[in-house]
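Keep in mind it's a predicted model, so treat the numbers as computed, not measured. Counting starts at 1 for both ligands and their atoms, following the listed order.
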Amino acid sequence: MNKFIRSVRLDEDACRGCINCIKHCPTQAIRVHNGKAHITDKFCIDCGRCIRYCPHHAKIPDYDSLNVINNFKYTVALPAPSLYAQYNNLTNVDIVLNALLKLGFDDVFEVSAAAELVSEASRAYIEAHEEEAPFISTACPSIVRLVRVKFPSLIPKLLPFKPPVEVAAEIARKRAMEKTGLASEDIGIIFISPCPSKVSYVKAPLGIKKSQIDNVVAIKEVYPLLLPHMTHDENSLTPLSASGRIGIGWGNSGGEAAGIITDSYLAADGIVNVLRVLEGLEDEKIHGLKFIELNACNGGCVGGVLTVENAYVAESKTKRILRYLPVTQSHLDSYPDVRVKWDSLVEYEPVFRLGSTFKESLHMMKTVEELTKRFPGLDCGSCGAPTCQALAEDIVRGEATVNDCTYVLRDYINRLSDEIELLANAVNENGQSDESLKTLQENIGRLSVELEELFHSTF
Ligand code: SF4
Ligand code: SF4
């Protein structure tokens with residue numbers, strides 16, 4: 001199985017090569033070559049930031065069409081808690097759950113109900129392993145992917161639990177099979193997601209071998225289709241919801257931490273803030289915490305790129321929904337068979353290491369340092385790499401040349417022009433023998449071709 005699947009792709013026709021995205025990618029996964037942005041799969045953590053920052057809408061998130069529900073005999077919708085936060089004045093989540101059935105799903109299972117089970121298990125685990133704290137949340141796949149490629153020393157700190165959506169999928173599949181007698185392959189478990197990183201998670205899950213989710217559809221696709229089916233006549237609603245404040249609160253940054261019920265926590269959202277926290281943890285500058293909640297998107301899952309509402313408005317709408325709910329409605333003892341723990345720990349993927357051995361990497365790092373000194377240090381991005389150091393690393397990996405730096409290239413072109421000029425003057429001088437004249441003309445021809453090739457490869 002390919003471990004480095006990503007769910008962000010490029011619309012080549014729309015890409016103008018403006019280099020905006022390379023500046024905002026937290027893992028420097030993007031390079032612009034020949035006027036088009038290319039993502040290196042193994043560096044991408046699927047945070048969706050390049051989608052948000054591309055002014056030409058050339059970065060496209062991958063997800064499934066809602067038509068996938070026609071591929072199965074029986075389908076179960078798994079709505080993310082952030083789905084509820086898209087709607088105005090929603091005080092009862094059953095309005096959304098009933099609308100999902102009217103839209104064509106045969107059943108629903110709330111991810112927020114599974115989140116309450118994960119919260120319960122996490123509380124017990126953190127208490128039992130207090131001396132190993134702090135633990136880092138693992139619900140956001142982009143965070144787990146970031147830790148496994150950039151922060152190997154923090155891997156043991158990852159809370160070894162499946163994300164709530166996976167737990168929801170397992171329960172929903174089992175329940176559907178028992179209810180219908182259908183085979184597993186006839187049942188479609190469809191997640192309604194706020195972000196594309198869950199699409200990659202389903203294809204290449206972390207901590208487990210195979211995901212029970214069949215397809216991932218976008219909140220922004222489902223949102224308008226639900227509107228005509230949403231009734232506010234509460235008497236006509238079938239009671240379906242099984243989650244309280246703890247579960248639905250997971251949609252907002254800090255919601256998962258609230259379910260741990262401790263003051264010793266930190267909740268950071270937005271990938272830039274997350275990086276700062278992880279660096280602080282790695283450098284042992286953060287102390288005295290039991291739990292660290294990290295979300296790649298601003299505001300938490302409500303800020304995912306597949307949502308429709310502004311993250312901060314959605315955050316406030318979630319709080320409004322929570323006001324009317326009990327603390328929790330789902331408990332582990334009602335699901336004795338459910339397994340919330342990972343099957344195996346996540347392994348370090350040294351994708352950023354330069355060489356194949358420590359010695360080789362050290363040698364290559366020295367070359368990177370020397371090369372970086374040759375560049376102007378402007379981090380201008382004109383070479384297609386986000387920084388001068390990133391270009392130096394690309395050169396050491398054999399993926400770029402020093403002439404990709406427009407400043408180095410300009411100096412080189414100036415030198416070539418001077419040489420041509422000198423040679424041309426020499427040709428014009430009287431008294432050249434036929435032989436030396438021929439050599440001079442050949443040299444001028446060679447330098448002119450070199451100059452032309454450089455222009456073509458660069459501009
Ligand atoms: S931001 Fe990136 S993907 Fe978008 S047009 Fe510019 S170079 Fe292309
Ligand atoms: S999704 Fe995130 S990590 Fe991947 S290329 Fe875009 S900005 Fe970089």
Side-chain angles (χ1 to χ4, degrees), residues 2-63 140-151 193-204 206 216 218 220 268-279 294-301 303-307 311 349-352 379-387 389-391 393-394 399-400 404 406 458-459:
N2 181 0
K3 290 182 276 187
F4 301 111
I5 285 170
R6 66 179 152 86
S7 50
V8 179
R9 62 190 163 81
L10 182 76
D11 175 348
E12 288 228 1
D13 293 335
C15 177
R16 308 260 189 95
C18 69
I19 69 164
N20 233 13
C21 55
I22 65 170
K23 294 280 171 193
H24 291 284
C25 173
T27 53
Q28 301 192 331
I30 314 172
R31 298 290 182 274
V32 172
H33 288 141
N34 300 321
K36 302 291 169 197
H38 302 277
I39 302 175
T40 302
D41 291 359
K42 62 183 179 183
F43 298 153
C44 174
I45 56 160
D46 254 333
C47 68
R49 212 158 182 254
C50 53
I51 299 174
R52 210 179 287 284
Y53 280 94
C54 175
H56 305 289
H57 309 291
K59 288 273 168 49
I60 317 281
D62 268 335
Y63 51 84
C140 172
S142 292
I143 302 301
V144 184
R145 290 177 78 161
L146 180 62
V147 170
R148 83 168 172 165
V149 294
K150 268 201 153 206
F151 298 94
S193 177
C195 72
S197 84
K198 303 289 196 307
V199 179
S200 311
Y201 165 83
V202 168
K203 290 178 188 156
L206 301 150
V216 179
K220 66 178 183 180
D269 57 305
I271 198 72
V272 176
N273 297 326
V274 162
L275 274 168
R276 273 194 217 121
V277 170
L278 290 173
E279 281 159 10
L294 302 174
N295 287 287
C297 294
N298 289 341
C301 292
V305 291
L306 301 184
T307 59
E349 300 290 349
V351 296
F352 291 103
D379 295 340
C380 65
S382 309
C383 58
T387 61
Q389 182 171 336
L391 174 63
E393 287 171 9
D394 289 352
E399 292 159 6
D404 287 335
T406 46
T458 314
F459 303 110

The reported gap from SG in C301 to CG in D269 (rounded to nearest 0.5 angstrom) is 10.5 Å
Taking only non-hydrogen atoms of I39 and a 4.0 Å limit, the atoms of ligand 2 in range are 5 (S)
If you scan protein heavy atoms around atom 8 (Fe) of ligand 2, the nearest is C25 SG, 2.3 Å
Task: C50 near atom 6 (Fe) of ligand 2 via N/O/S, less than 2.8 Å - done: yes
Smallest heavy-atom separation, A268 atom then V274 atom, equals O-CG2, 3.9 Å
T27 heavy atoms within 4.0 Å reach ligand 2 at atoms 3 (S)
Of all protein heavy atoms, the one nearest atom 2 (Fe) of ligand 2 is C47 SG, 2.4 Å
closest protein heavy atom to atom 4 (Fe) of ligand 2 is C44 SG, 2.4 Å
Within the 4.0 Å heavy-atom cut-off, what I51 brings close to ligand 2 is neither
Quick check: does any side chain N or O of N298 sit under 3.5 Å from a backbone N or O of G303, one acting as donor and the other as acceptor?
no
Under 4.0 Å from one or more heavy atoms of P55, ligand 1 contributes atoms 1 (S)
#### Entry: Derivation and outcome, side-chain contact (heavy atoms from CB on, under 4.5 Å), residues R31 and T40
CA-CA 8 Å; R31 298 290 182 274; T40 302; 5.6 Å; no
min-distance protein heavy atom vs atom 1 (S) of ligand 2 -> G48 N, 3.2 Å
Per side chain to side chain contact (heavy atoms under 4.5 Å, CB included), N20 is matched among P55, C50, C54 by P55
One finds that the ligand 2 atoms under 4.0 Å from a non-hydrogen atom of I30 are 5 (S)
Protein N/O/S atoms closer than 2.8 Å to atom 8 (Fe) of ligand 1 number 1
Atoms of ligand 2 under 4.0 Å from any heavy atom of P26, numbered from 1 in the order shown, are 7 (S)
**Prompt:** Got C25 and I39 here, is their nearest side-chain heavy-atom distance under 4.5 Å?
**Reply:** no
* Aromatic F352 / basic K150 pairing, under 6.0 angstrom, 45° off normal -> yes
For atom 3 (S) of ligand 2, the closest protein heavy atom turns out to be I45 N, 3.4 Å
Partner of R6 under salt bridge (charged side-chain N to carboxylate O under 4.0 Å, His left out), picked from D62, D46, D41, is D41
Under 3.5 Å, is there a donor-acceptor pair between the side chain of D11 and the main chain of D13?
yes
